[in-house]
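The structure appears right after this line, and notes come after that.
Note that the structure is a prediction, hence the values are computed from the model and not measured. Naming convention: chains lettered A, B, ... in sequence-line order (proteins, then strands); numbering from 1 in each chain.
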Number of protein chains: 2
Amino acid sequence: MKRRLDKATRARLDAQARVMKALAHPTRLFIVEELSRGERCVCELTEMVGADISTVSKHLAQLRVVGLVQDEKRGTQVYYSLRCACALGFFNCIDEVLQSVARQHAEVINA
Amino acid sequence: MKRRLDKATRARLDAQARVMKALAHPTRLFIVEELSRGERCVCELTEMVGADISTVSKHLAQLRVVGLVQDEKRGTQVYYSLRCACALGFFNCIDEVLQSVARQHAEVINA
DNA sequence: TGGCTATTTGGCTAACCTGCCAAATATGAA
DNA sequence: TTCATATTTGGCAGGTTAGCCAAATAGCCA
């Protein structure tokens, strides 16, 4: 019997894709990487990223709604932290892919 | 000293984000998952996905350019296969995130 | 060659994303 | 309360993406 993309599978994939999409932006990857070292407030991240604070705030909101990070308000500042350390595993795999591509590229050039 | 998003870091993050972006679509996640069971030709995937073949072909092209899959032409058919099995690790982490969110959701509702 | 099937590419529109500014909101201090 | 700082939200313009159809390309076989 043929596998097919049924409604339930589709719903699961939609949810998974939403999480992937939240990670699919250089600034948000930077934020995740930085948060893996410890919590940071919005203004710290804003300074590091070098974009408008409203832009950074929106990136953080995207990571938050999918559950990758959590926020905690202390005084006038909001501190964000990673909720799932496993997100860092992504970097390893992605780097593996990129290195594999680089190797292949080199082969083609040397061929 | 403050960490900052410098030019080199930015370039690395851009490359990583390109790979993540290729994965950030339900249809493409489905394809990756299906290819983890073995190679498939475009027409097989098209039937499973249930979209236009040109749409599926474009999704496959996106996965190919970032190095996640490779293609091999045999006769009139093109067979695609996974290039990095580690991509499957993504699913585990994403599911962990989603389950964590679901748990939190339940807590809030029961509170 | 011509016809058939499999796949890719071009082109189009609708929908979505990003980043900035401005305005709103929240907290703490004077 | 008023001011100042930190953050979020609304809104807009420019750029990107998705999916369909039609057309082009490639391989196989008669």
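When rounded to the nearest whole Å, the span between CD1 of I31(B) and P of dT7(C) equals 12 Å. As a whole-Å value, the separation of L45(A) CG from dA6(D) P is 14 Å. Separating the CD atom of Q62(B) from the C1' atom of dT8(C) is a distance of 14 Å, rounded to the nearest angstrom. Rounded to whole Å, the distance from CG on L29(B) to P on dA18(D) is 12 Å. Between the CZ atom of R74(A) and the C1' atom of dT7(D) there is a distance of 15 Å, rounded to whole Å. The interatomic distance linking M20(B) (CE) with dC17(C) (C1') rounds to 16 Å, in whole Å. Atom CD1 of I53(A) and atom P of dT9(D) are 13 Å apart (whole Å). Straight-line distance from the CD atom of E39(A) to the C1' atom of dA6(D): 16 Å, rounded to whole Å.
At least one side-chain heavy atom of V69(B) sits less than 4.5 Å from a side-chain heavy atom of R64(B).
Here OG1 of T27(B) is found 8.0 Å from CG of L13(A). Values are rounded to the nearest 0.5 Å.
Of the N and O atoms on the side chains of R103(A) and Q99(A), not one donor lies less than 3.5 Å from an acceptor on the other residue.
When the side-chain nitrogen and oxygen atoms of H59(A) are compared with OP1 and OP2 of dC17(C), none of them lie within a distance under 4.0 Å. An OP1 or OP2 oxygen of dC28(D) is reached within less than 4.0 angstrom by no side-chain nitrogen or oxygen of T76(B). Distances shorter than 4.0 Å separate none of the side-chain N or O atoms of T55(B) from OP1 or OP2 on dG19(D). Between R28(B) and dA18(D) there is a side-chain polar atom (N or O) within less than 4.0 angstrom of OP1 or OP2.
For C43(B), whose side chain is taken as the heavy atoms from C-beta onward, the closest listed nucleotide among dG27(D), dT7(D), dT7(C) is dT7(C). Considering only the side chain of D52(A), dC21(C) comes nearest among dC28(D), dC21(C), dT27(C).
Nearest-nucleotide positions on DNA chain D place D71(A) closer to the 5' end than the other of K58(A) and D71(A). Each of Q77(B) and H25(A) was matched to the nucleotide of DNA chain C holding its nearest heavy atom; the match closer to the 5' end belongs to Q77(B).
Cys pair C93(B) and C84(A) fails the test of SG atoms under 2.5 Å apart.
Within the 4.0 angstrom heavy-atom criterion, base atoms lie near S54(B). In this structure, A51(B) reaches the sugar-phosphate backbone alone: every heavy-atom distance under 4.0 Å involves primed, P, OP1 or OP2 atoms, never a base. At a threshold of 4.0 angstrom between heavy atoms, the contacts of Y79(B) with the nucleic acid are absent.
With respect to the salt-bridge test (charged N to carboxylate O, under 4.0 angstrom), the residues D6(A) and R10(A) do not qualify.
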